[in-house]
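First listed ligand is number 1; within each ligand, the first listed atom is number 1. If you're wondering where the values come from, they're calculated on a predicted model, not measured in any experiment.
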Amino acid sequence: MTEQDRKTTEHGVIVAHLGVAVEVLFDANRQRGIIRVKRNSGHVVGDRVTVKDEILTRLPRRSELNRLDTRGGRHTVGANLDTICVVVSCEPLPPPGFIDRAIVTARMAGLQPVVLVNKYDLPASKQYEEEIYSTYQNSLPLFTTSAISGNGLDTIRDFFRQGLRGIFVGPTGVGKSSLLNSLCPSISLQTGPLNESKKRGRHTTTVSTLHSLEGGGELIDSPGFNDFGLVDISVTDLAFHFPGFEKATEQPCKFRDCLHRSEPGCQITHLVSEQLISEERYITYAEILHELEAMETELRYREKNKRRKK
Ligand SMILES: Nc1nc2c(ncn2[C@@H]2O[C@H](COP(=O)(O)OP(=O)(O)O)[C@@H](O)[C@H]2O)c(=O)[nH]1
Ligand SMILES: [Mg+2]
């Protein structure tokens, strides 16, 4: 890089993705600028970039969060993250397995997962929170909040104060944007009422945006999604990262490629029989394992077909 290049090349971070353009917050002057990019250019919020003569170059990522949609499409949800906040509520409830897939994905990507039960002001929330606690309390940090009353927000601020960058993921309508509005009074993200008959969220957040918290740390608001399909996770990785199976990593199974079904010397099934892993955890694991196997079979089938056509 010449001296001239150094002067005209600006460094920054993508703070919003607008489809055919991105908004960049520049390091040097803390100003924002809109830079055009190709649709599906692969840039995501959180990406570090350089900009020279309106040309944007993405710098290598230290981490990224990926998910599959129901049609097998791969999406990178955010980049250069430290933690994933899985936001849930008693209304609307997350789809079965959503929290587990998000936790496994976070752990695979080397990110710290936390679960945040929002809408704690609703009467039905207490029982839901108890269920979440009994399932996940030994696996990861759990927070309860109400974006409406402000309860629990200080705990979230304290958590991020260490300078972490996190992302809110969760179904539409659980209150991700409302939480961010309450955490950062200077922003006003659009929020949407639930559809009364279906008790589902309306899709009001359409772009991911990154926000700095006053006390330190950063949070990304993302559009809600219900399908958190696992990406690049093998059937043997699953148990290793599965919430509730932590105890089993202390002593390995007899076989390295054990899938914890009926293999002899399996540590997981042993802990289930000793009631040190709950039946519920084991059943959920078995369901996700089954899905992963079906996905692997389909991928192999597609690859074979592709080779045959060549
Ligand atoms: N009772 C209650 N309602 C909330 C809370 N947080 C959000 N909501 C409501 O839930 C609906 C969806 O909120 P929104 O922030 O758009 O959810 P998002 O889709 O996850 O971003 C809106 O009607 C909010 O007012 C909360 O803590 N308590
Ligand atoms: Mg939203």
Side-chain angles (χ1 to χ4, degrees), residues 14-19 23 44-46 65 67 69 75-78 81 83-96 98-99 101-103 105-106 113-133 141-160 165-213 218-228:
I14 297 182
V15 291
H17 200 300
L18 315 165
E23 187 177 11
V44 296
V45 169
L65 175 66
R67 72 171 182 103
D69 63 26
H75 302 268
T76 302
V77 188
L81 303 162
T83 175
I84 299 177
C85 287
V86 189
V87 185
V88 292
S89 70
C90 60
E91 192 180 282
L93 285 170
F98 183 97
I99 303 177
R101 287 192 192 84
I103 293 170
T105 303
V114 305
V115 172
L116 197 160
V117 183
N118 189 38
K119 305 201 184 183
Y120 201 53
D121 52 289
L122 295 182
S125 203
K126 185 82 194 110
Q127 196 194 336
Y128 182 60
E129 183 234 351
E130 278 167 14
E131 282 167 28
I132 295 282
Y133 264 74
L142 299 169
F143 300 118
T144 47
T145 56
S146 164
I148 302 280
S149 74
N151 264 351
L153 295 185
D154 278 343
T155 323
I156 306 295
R157 290 193 186 98
D158 283 346
F159 179 71
F160 280 95
R165 178 183 287 169
I167 184 163
F168 280 163
V169 294
T172 301
V174 293
K176 299 179 294 300
S177 301
S178 305
L179 276 170
L180 257 159
N181 285 340
S182 305
L183 286 165
C184 313
S186 59
I187 59 170
S188 64
L189 297 168
Q190 204 188 345
T191 62
L194 300 193
N195 175 320
E196 267 315 303
S197 58
K198 293 189 184 148
K199 294 288 178 208
R200 287 217 199 107
R202 288 173 214 258
H203 216 58
T204 42
T205 308
T206 50
V207 293
S208 291
T209 47
L210 183 143
H211 308 275
S212 296
L213 301 177
E218 294 165 313
L219 259 167
I220 297 173
D221 184 28
S222 70
F225 47 81
N226 281 326
D227 39 355
F228 208 126

Worksheet item: What part of Asp121 sits under 4.0 Å from ligand 1 if we count only heavy atoms: the side chain, the backbone, both or neither?
Response: side chain
Discussion item. Checking side-chain contact (heavy atoms from CB on, under 4.5 Å) between Val77 and each of Val44, Ile167, Ile220, which is the one that passes?
Written reply: Ile167
Response to the item:
Counting from 1 in the order shown, the ligand 1 atoms closer than 4.0 Å to a non-hydrogen atom of Val174 are 17 (O), 20 (O)
Worksheet item: Backbone, side chain, both or neither: what part of Leu179 comes under 4.0 angstrom of ligand 1, heavy atoms only?
Response: neither
Worksheet item: Do you know which two heavy atoms are closest between Pro94 and Pro171, and how far apart they sit?
Response: CA-CG, 3.8 Å
Item to complete: Determine, considering heavy atoms only, which of Pro92, Gly170, Gly173, Ser182 sits nearest to atom 19 (O) of ligand 1.
Response: Gly173
Discussion item. Between Leu180 and Leu219, is the side chain to side chain contact (heavy atoms under 4.5 Å, CB included) condition met? List the steps.
Written reply: CA-CA 8 Å; Leu180 257 159; Leu219 259 167; 4.0 Å; yes
Practice prompt. Only counting residues at least two apart or in another chain, list the ones meeting side-chain contact (heavy atoms from CB on, under 4.5 Å) with Asp158.
Written response: Arg161
Discussion item. With heavy-atom distances below 4.0 Å as the criterion, list the atoms of ligand 1 near Lys176.
Written reply: 15 (O), 17 (O), 18 (P), 19 (O), 20 (O), 21 (O)
Discussion item. Consider ring pair (Phe, Tyr, Trp, His ring centres under 6.0 Å). Of Phe159, Tyr120, Phe160, which one does Phe143 pass it with?
Written reply: Phe159
Worksheet entry | Heteroatom proximity flag, Thr172 to ligand 1, N/O under 3.5 Å | no
Item to complete: Would you mind telling me which of Val15, Leu183, Ile187 makes a side-chain contact (heavy atoms from CB on, under 4.5 Å) with His211?
Response: Ile187
Fill in: Polar atom proximity, Asn118 to ligand 1 (N or O, under 3.5 Å)
yes
Worksheet item: From Thr191, does some N, O or S atom reach closer than 2.8 Å to the Mg ion (ligand 2)?
Response: no
Discussion item. Closer than 4.0 Å to some heavy atom of Ala147 - which atoms of ligand 1 meet that?
Written reply: 6 (N), 26 (C), 27 (O)
Fill in: Contact atoms of ligand 1, heavy-atom distance to Ser177 under 4.0 Å
15 (O), 21 (O)
Worksheet item: Which ligand 1 atoms does Thr191 reach within 4.0 Å, using its non-hydrogen atoms?
Response: 14 (P), 15 (O), 16 (O)
Fill in: Heavy-atom side-chain proximity of Arg165 to Leu210 below 4.5 angstrom
yes
Worksheet item: In terms of the angle between their ring planes, are Phe228 and Phe98 parallel, tilted or perpendicular, with boundaries placed at 30° and 60°?
Response: perpendicular
Fill in: Residue Leu122 vicinity, atoms of ligand 1 by number, heavy atom under 4.0 Å
1 (N)
